[in-house]
2 protein chains.
Amino acid sequence: MDEHTIARHLEDHGVRYTAARRAVVEALGSADGPRSVSELVAGLAVPQSSVYRTLAVLAAAGVVATHHGPDGVARFELAEWISGHHHHLVCTECGAVRDLVLTPEEEEHLGAVVAGAAGRARVSVEGHTLEIVHRCEECR
Amino acid sequence: MDEHTIARHLEDHGVRYTAARRAVVEALGSADGPRSVSELVAGLAVPQSSVYRTLAVLAAAGVVATHHGPDGVARFELAEWISGHHHHLVCTECGAVRDLVLTPEEEEHLGAVVAGAAGRARVSVEGHTLEIVHRCEECR
DNA sequence: TGGTATCATAAGAATGATTCTCATTCTCAA
DNA sequence: TTGAGAATGAGAATCATTCTTATGATACCA
């Protein structure tokens with residue numbers, strides 16, 4: 001969300017906040033869900049190879065997160081500390097992904113389920129995502 | 001689980017249950033989570049191209065389901081009507097996926113969350129998966 | 001202000017997973 | 001048994017992604 005916070009975060013990680021990186025961050029910030037590289041390239045006067053490299057840099061710095069939908073192509077979004085914790089609504093057909101924010105109560109229930117299951121499986125959780133699968137309007 | 005049920009299901013869909021398909025189904029049935037094509041090929045006297053084609057046929061017939069982990073490679077498992085409803089424990093690092101079964105109570109809570117969120121988003125749910133992200137033992 | 005080391009960019013080649021093609025083989029029903 | 005349609009296997013083709021390399025920009029130090 002806040003350009004300033006991101007700029008400082010990158011600076012702290014020794015990563016320059018260049019024009020190309022700014023453009024990618026802005027594109028991701030104004031999207032309503034994860035975006036694929038081809039979608040980004042289509043809307044962004046930045047060449048494909050640079051988009052890939054930029055995303056890799058931003059991911060390493062903890063600014064973007066990667067997601068793989070049912071069509072297998074990688075989609076990128078801002079990390080949750082920037083965009084807020086959320087989940088995904090995925091179309092089985094075309095793979096399009098929309099963000100989904102739960103209510104605090106829903107999130108609390110989900111958290112309890114995750115904690116319980118992870119405890120039983122003896123793993124320490126790093127995160128969780130709920131994917132709700134449906135078929136989007138365009139695909140029916 | 002039940003070979004017989006699968007055989008009948010395929011027959012009903014006009015799909016032959018050949019030796020190669022049987023081998024793939026058996027390999028998936030005895031795995032503790034989704035398997036990638038390379039893993040299947042390594043343990044299966046069936047050539048790579050046939051594994052891909054077989055998986056596509058089985059997926060179209062509703063016998064296998066596809067999953068894409070954080071490493072972007074496709075992993076396959078038996079459909080939930082065969083293996084039972086379950087969730088996934090995913091390693092951020094290597095992408096390995098293990099099945100995770102919730103208790104009935106946990107599943108009920110999760111179902112309520114999904115129904116509520118889907119209602120708000122005005123979509124009709126086809127399914128849901130909870131992914132718990134962690135780092136597996138080999139990767140630390 | 002110039003020099004230099006480091007970082008960033010862009011184009012295209014290389015890789016790796018997946019899909020397609022096509023010639024061959026198998027199966028089943030007539 | 002035979003013929004039509006289905007399945008197989010090898011390799012070529014495709015597509016997303018990563019790597020390489022040459023070039024350009026930036027920051028820092030004297």
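Numbers restart at 1 for each chain; the letters A, B, ... are given by sequence-line order, proteins then strands.
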Exercise. List the atom of A/Arg35, the atom of A/Val97, and the distance in Å for their closest heavy-atom pair.
Key: NH1-O, 4.4 Å

Practice problem: Starting at atom CD of B/Glu39, determine the distance to atom P of C/dA17, rounded to an integer number of angstrom. | Solution: 12 Å

Exercise. Name the nucleic acid region contacted by A/Ala20, choosing base, sugar-phosphate or nothing; use a 4.0 angstrom heavy-atom cut-off, strictly under.
Key: sugar-phosphate

Quiz prompt | Nucleotide C/dT9, atom P - distance to CZ of A/Arg22 in whole Å | solution = 12 Å

Self-check item: For DNA chain C, the residues among residues 59-77 of chain A that have a non-hydrogen atom under 4.0 Å from it
Solution: none

Practice problem: Please tell me which of B/Gly14 and A/Tyr52 maps to the more 5' nucleotide of DNA chain D, matching each residue to the nucleotide holding its nearest heavy atom. | Solution: B/Gly14

Self-check item: Value in whole Å for how far the P atom of C/dA8 lies from OH of A/Tyr17
Solution: 14 Å

Self-check item: Nearest-nucleotide pick for B/Arg16, side chain only, options being D/dG9, C/dC28, C/dT9
Solution: C/dC28

Quiz item: So which nucleotide from D/dA7, C/dT6, C/dT9 ends up closest to the side chain of A/Thr18?
Solution: C/dT9

Quiz prompt | Straight-line distance of B/His86 NE2 to B/Leu130 CG, nearest 0.5 Å | solution = 11.5 Å

Quiz prompt | Residues A/Glu11 and A/Arg16 bridged, charged N to O under 4.0 Å | solution = no

Practice problem: Determine, using ring centers only, whether A/His87 and B/His128 are less than 6.0 Å apart. | Solution: no

Quiz item: Given atom CG of A/Leu55 and atom C1' of C/dA8, what is their separation to the nearest angstrom?
Solution: 15 Å

Quiz item: Can you check the B/Gln48 CD to D/dA12 C1' distance for me, whole Å?
Solution: 13 Å

Quiz item: Relative to each other, are the rings of B/His9 and B/Trp81 parallel, tilted or perpendicular (30° and 60° limits)?
Solution: tilted

Quiz item: How close or far is atom P of D/dA6 from atom CZ of B/Arg21, stated in whole angstroms?
Solution: 11 Å

Quiz item: From C/dC7, C/dA10, D/dG11, pick the nucleotide closest to the side chain of B/Ser49?
Solution: D/dG11

Exercise. Describe the nucleic acid contact of B/Arg53 in one word from base, sugar-phosphate, nothing, applying a heavy-atom distance below 4.0 Å.
Key: base

Practice problem: Determine whether B/Leu78 and B/Leu28 make a side-chain contact, defined as any pair of heavy atoms from C-beta on separated by less than 4.5 Å. | Solution: yes

Quiz item: Would you say a side-chain N or O of B/Ser50 is under 4.0 Å from OP1 or OP2 of D/dG9?
Solution: yes

Quiz prompt | More than 12 heavy atoms from other groups under 6.0 Å of CZ on B/Arg120 | solution = yes

Exercise. Would you mind reading off the distance between B/Glu11 atom CD and C/dT27 atom C1', rounded to a whole angstrom?
Key: 14 Å

